[in-house]
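Encoded as structure tokens, the structure appears first; notes follow it.
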Amino acid sequence: MEGVELGVDHDGVDAGIWGKSNHLPRPYPLLWHLIDTAAVAGALWDRYLAPNQRRVIAEGLATDDSHAKSLIMFWAGLHDVGKATPGFQKKDGSAFDALRSAGSYEDVVGDGSLRHDTAGQLALPGLLAPLGYPQLVRRVSDRLAYRVAQIVGGHHGRFQQTSGPHGGQLQLGKGGWSKQRAALVRVVHEAVGSPKRPSAIGAAASVLVTGVVILADWLASQEHFLRQQSSRVPQYTGTEAASTHLAALSAPAAALLDDAGLGSPSFRAVRFDDLFPHRPNALQRSIIEELLPVVDSPGLLVVTAATGDGKTEAALVAAKRLAEVCGAHGFFFALPTMATSDEMYRRVRAFAARLAAGPAPVTLLHSMSWLNAEYEARAVVDPGGAAEVVSDDPSGDVVAPEWLRGPKRGLLAPMAVGTVDQALLAVLTTKHNALRLLGLSGKVFVVDEAHAYDDFTTSLLCHLLNWLGAYGCPVVLLSATLPSSQAATLVGAYEEGAGVGPTNTSVPYPGWTFVPAIQGRATVSISPTMREALVSGRTVEFTLDVRPVRHLVGSERDPADRRAVVRQVLAPVAEQGGCAAVVCNTVSDAQQTYRVVRDWASEGVDVVLLHSRFPARRREEITTQITSRLGKEGNRPKSMIVVATQVLEQSLDLDFDLLVTDLVPMAQLLQRAGRCHRHHRTRPPWAAQPRVVVLDPRGPDGVEHVRPAAWGDVYARYLLRATHLRLMGVDTIAVPRAVQGHVEAVYVPQEIHNDPVLSAEHNECRAQAMAERGTAELGVIPEPVGLADLVALSQTETPEWRASTRLGAESERVLCCYHDPDGMQWLDPQGRIPLPQRGSGPDGRFRSEEVRAILQETIPLRADILTGYDPPAALPASWGNNAWLKRIRPLWLPILPTGPGPATWARRSVHLDPELGLVVATAGAE
DNA sequence: AATAAAAAAAAA
């Protein structure tokens with residue numbers, strides 16, 4: 001034993017070893033940061049983790065609840081032990097000098113290249129040896145010491161691999177350093193109650209534990225907390241002082257959680273009518289009467305119905321019950337787009353406000369939530385002292401506190417609404433995926449529009465369901481019709497994770513099925529009676545009008561020319577009034593169709609074009625204009641024609657008297673058809689029956705099915721041909737009764753071998769789907785079952801920003817900028833708004849309103865269109881300092897005496913038209 | 001031989 005040094009008390013921890021120093025009046029001792037973090041981890045265990053999470057952890061440690069809690073506090077209290085190294089301590093020069101002058105730290109190796117998380121991971125196995133943690137056992141799962149070391153090494157969000165010889169060992173520091181690390185481990189261990197080592201540490205449990213460690217560290221590292229603690233921590237660093245101090249931390253730790261908004265909201269007992277402004281419909285009644293009374297365990301609920309059938313309310317009611325039954329602290333409501341997330345955020349916030357008894361913060365999660373004005377309206381404290389909320393909410397309890405708005409934190413909130421991508425990042429090999437899994441697995445995971453994803457994203461979703469199944473986390477999937485194969489894949493993934501089944505459950509449409517996550521528990525489905533009530537109550541018969549067309553080739557005089565057919569089917573609108581949509585498959589088809597219709601239509605007909613290739617602000621204006629007239633409470637015009645692309649399939653609650661569409665795969669066709677006669681209202685006599693016109697592209701003989709070259713690979717050949725074949729001979733579609741049959745016929749075909757072309761295309765389509773799933777597998781973390789080394793959650797060459805939750809052509813944000821003959825640069829074609837050279841914030845930084853204003857002018861564009869474009873000027877250098885502005889690509893358009901001109905490169909000529917949007921003309925193309 | 005819509009990106 002070395003002599004007792006100044007600052008080192010009899011248990012051997014030196015208070016001069018600092019843990020935090022940035023922005024603090026004096027360095028904060030490492031021991032106290034470790035004890036703080038242990039205390040917060042304990043508070044998280046008691047107050048934040050859901051029962052299923054505690055169970056998974058306790059089972060993974062093969063022990064009981066209270067032992068598991070002590071172990072987690074212990075390990076959390078080790079997370080920064082790698083800071084007791086010369087390399088780290090040198091980072092604060094004066095603290096380092098003070099430390100060395102008072103103690104014996106001769107070894108000053110370390111050039112700062114060894115990060116403290118890695119140092120901790122390297123040092124821990126040896127440090128844990130005296131506590132009986134096995135070191136060199138063959139089976140990886142038994143290498144307890146290495147597992148704990150990896151958890152500690154992963155506390156910055158990435159797991160590391162340090163088995164085998166590692167150069168960093170030399171930089172840990174010998175002598176005093178090594179003694180200090182041992183002393184820290186000893187004091188922390190005793191302070192948390194000297195938990196015995198567990199007999200196992202399961203991998204899936206370790207991931208959650210890592211999440212707890214990361215979260216505890218974040219909470220305990222807040223500057224205001226450290227400042228406050230600075231004056232409170234004991235003078236001595238012995239075991240006794242540490243134990244006393246840890247006990248005293250229970251109130252401050254709980255306060256940290258409360259202030260951050262982490263907790264379990266309590267729900268009031270309310271009836272359906274108290275939550276929503278109407279009585280339950282057939283679907284909702286069936287959930288309330290047939291499902292809620294029998295649910296007593298986590299599981300997967302699949303609800304299928306058409307959009308507008310009240311799935312959201314049904315899901316919220318079911319999620320509330322599942323949360324109560326499972327002890328989950330809330331839910332995450334996942335949606336396919338940012339726009340639908342914004343909309344759902346408002347609804348969920350209202351729901352939460354009515355339901356919550358106390359704080360129940362709701363967060364909004366997507367990349368642009370910071371420019372959602374409603375979400376950004378914070379609670380403000382007025383000078384009088386009473387908290388006031390800037391919003392129309394009945395209660396301020398649903399406003400997310402500041403902490404939850406920080407990066408990567410929103411998913412930890414009790415209630416969250418956002419894009420599904422935010423959840424899918426949990427199963428990609430991205431930084432902090434353990435934290436995302438922690439946030440998700442404590443709640444009910446609700447996925448809206450589960451049919452809306454391609455094979456790539458669905459594959460990621462399956463992967464996530466597998467993990468959530470393993471965590472015993474309840475899930476609700478909402479969907480329109482799903483091909484039975486796809487439904488089976490989703491259900492199967494969850495069952496596999498949960499270790500039940502496979503039950504090969506088939507999902508009824510419309511209706512619901514609940515698959516419990518407990519072996520032996522029976523599946524529950526909507527009763528035949530209720531299902532019949534649901535079907536007959538909402539049956540609509542669509543007249544299907546398939547028109548052979550020649551797709552934009554040849555003469556307009558040809559009666560089968562697409563343009564001529566469009567005019568013909570729209571004639572009643574022009575002559576007698578009414579509202580119709582023409583949904584096209586490509587932007588340029590939509591632009592051309594719009595020109596044809598606009599030039600042909602009479603004065604009184606309002607013709608509008610909508611697609612994605614408008615500046616964001618303009619697209620919003622057009623969307624608002626359309627929904628304000630054709631939405632549920634819309635001020636309906638006498639006659640209106642909307643020409644659009646697939647944007648019309650997405651979420652917009654519009655109602656047309658007549659729907660005209662290009663041929664698309666069956667699922668999308670039915671989705672589009674849903675925009676026809678959506679609400680109950682009086683219609684022009686000619687449109688008394690709902691009618692869908694399908695423009696079916698044909699070859700020169702007017703019979704043979706062809707896929708127009710201009711459609712590229714937007715839709716698979718097989719899906720178009722199979723849909724085309726299915727539609728022949730069909731003249732009505734009864735919704736919802738006949739929907740599943742039509743979908744199955746196309747997506748799960750029984751007899752295609754008779755048709756060699758179809759069967760070849762089917763193979764091609766399946767190969768494509770398989771390739772997409774294969775691509776998805778590349779970026780995904782392994783399944784929890786059989787996961788041996790945690791490093792597999794992080795091991796990847798792909799940097800964080802490359803992680804992708806959607807497959808498809810790269811896309812850029814393009815800003816049309818104008819330059820006049822004098823070389824002046826403008827944001828608008830009139831030359832009134834100069835291109836902002838700097839922001840109005842400190843150091844010329846851009847304020848968020850300014851960033852928002854610029855982003856509002858950008859247009860999403862497939863990246864390959866820009867290939868060969870060499871911008872004549874760069875955007876202002878100051879834009880490079882802003883994360884959003886620096887990614888914008890300029891498109892320079894000349895201001896000519898005649899008005900704004902096009903930009904040209906390669907074979908392209910591109911200009912921005914106020915009515916048509918961005919027009920991309922390609923020379924040589926027909 | 002050509003192409004929809006959709007998302008993402010700061011922590012201790």
Side-chain angles (χ1 to χ4, degrees), chain A residues 19-24 28 33 36-37 40 79-80 83 116-117 155-157 213-223 225-226 334-341 365-370 403 405-409 418-425 428 430-432 435 449 452-454 456-457 460 583-590 610-613 619 644-651 662 664-665 668 671 707-716 799-811 813 860-865 882-887 907 920 922 924-926:
Chain A
K20 298 275 170 186
S21 111
N22 272 354
H23 309 296
L24 294 175
Y28 188 72
H33 175 56
D36 291 343
T37 308
V40 176
H79 79 280
D80 269 350
K83 286 185 174 175
H116 77 258
D117 50 350
H155 84 264
H156 286 158
V213 173
I214 294 170
L215 179 51
D217 184 24
W218 287 8
L219 290 168
S221 300
Q222 297 172 87
E223 206 180 300
F225 176 73
L226 290 167
L335 297 115
T337 69
M338 299 193 277
T340 45
S341 301
L365 308 179
H366 58 68
S367 62
M368 304 250 187
S369 59
W370 53 277
W403 191 88
R405 296 167 190 266
K408 298 182 181 175
R409 295 175 189 168
T419 52
V420 73
D421 311 77
Q422 295 287 332
L424 296 177
L425 286 170
L428 297 185
T430 49
K431 202 172 169 189
H432 292 116
L435 191 70
E449 319 250 16
Y453 305 105
D454 60 14
F456 177 86
T457 303
L460 299 182
V583 189
C584 310
N585 286 355
T586 68
V587 172
S588 58
D589 278 6
L610 179 65
H611 54 68
S612 74
R613 225 175 273 169
R619 177 174 167 182
T645 58
Q646 291 83 340
V647 290
L648 216 70
E649 277 166 28
Q650 295 278 342
S651 72
D662 275 317
V664 273
Q668 282 84 357
Q671 186 81 12
R707 181 176 73 167
W711 291 359
D713 280 331
V714 173
Y715 301 111
E800 191 172 15
W801 57 272
R802 276 316 247 142
S804 182
T805 51
R806 312 260 179 149
L807 194 61
E810 280 299 286
S811 163
R813 245 172 231 288
L861 190 64
R862 242 174 42 228
D864 68 82
I865 292 178
N882 182 284
W884 291 99
L885 299 184
K886 77 173 168 205
R887 287 192 290 266
R907 292 153 53 226
V920 179
T922 306
E926 286 190 286

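These numbers come from the heavy atoms of this one structure, side chains and all, not from hydrogens, waters or symmetry mates. Below, read A as the first sequence line, B as the second, and so on, with proteins coming before strands; counting in each chain starts at 1.
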So [X], base contact, sugar-phosphate only, or nothing? Heavy-atom distance under 4.0 Å.
X	answer
A:R613	sugar-phosphate
A:L807	base
A:V587	sugar-phosphate
A:M338	sugar-phosphate
A:A220	nothing
A:W711	sugar-phosphate
A:N22	nothing
A:Q422	sugar-phosphate

*Can you list the residues that meet the side chain to side chain contact (heavy atoms under 4.5 Å, CB included) rule with A:H116, with sequence neighbours excluded?*
A:D80, A:K83, A:F88, A:H155, A:H156
_For A:L885, side chain to side chain contact (heavy atoms under 4.5 Å, CB included) partners two or more places apart_ = A:F846, A:V851, A:I854, A:W879, A:N882, A:I888
*Judged by atom type as modelled, is there a donor-acceptor pair below 3.5 Å linking the side chain of A:E810 to the main-chain atoms of A:D864?*
no
*Hey, does the side-chain of A:R887 have a donor or acceptor N/O within less than 3.5 Å of a partner on the base of B:dA9?*
yes
*Quick one: is A:S612 getting a side-chain N or O under 4.0 Å of the B:dA5 phosphate, OP1 or OP2?*
yes
Shortest side-chain distance from [X], nucleotide among [options]:
X	options	result
A:P407	B:dA12, B:dA6, B:dA11	B:dA11
A:R619	B:dA10, B:dT3, B:dA6	B:dA6
A:W884	B:dA9, B:dA7, B:dA12	B:dA9
A:Q650	B:dA7, B:dA5, B:dA11	B:dA5
A:K20	B:dA9, B:dA12, B:dA2	B:dA12
A:D421	B:dA12, B:dA8, B:dA5	B:dA8
A:S804	B:dA8, B:dA12, B:dA7	B:dA7
A:W218	B:dA12, B:dA7, B:dA4	B:dA12

Provide, to the nearest angstrom, the distance between the [atom1] atom belonging to [X] and the [atom2] atom belonging to [N].
X	N	atom1	atom2	answer
A:H156	B:dA12	NE2	P	5 Å
A:K886	B:dA9	NZ	P	13 Å
A:W403	B:dA10	CH2	P	16 Å
A:Q671	B:dA5	CD	C1'	13 Å
A:R409	B:dA10	CZ	P	13 Å

_Criterion side chain to side chain donor-acceptor pair (under 3.5 Å) against A:T805, the qualifying member of A:T430, A:D421, A:T457, A:T419_ = A:D421
_Check for me whether A:R405 meets the cation-pi criterion with A:W403, that is, NZ or CZ under 6.0 Å from the six-membered ring centre and within 45 degrees of the ring axis._
no
_Nearest heavy atom decides the nucleotide; on that basis, is A:A883 or A:D454 closer to the 5' end of DNA chain B?_
A:D454
*In terms of ring plane angle, is the pair A:W370 and A:W884 parallel, tilted or perpendicular, where the classes change at 30° and 60°?*
tilted
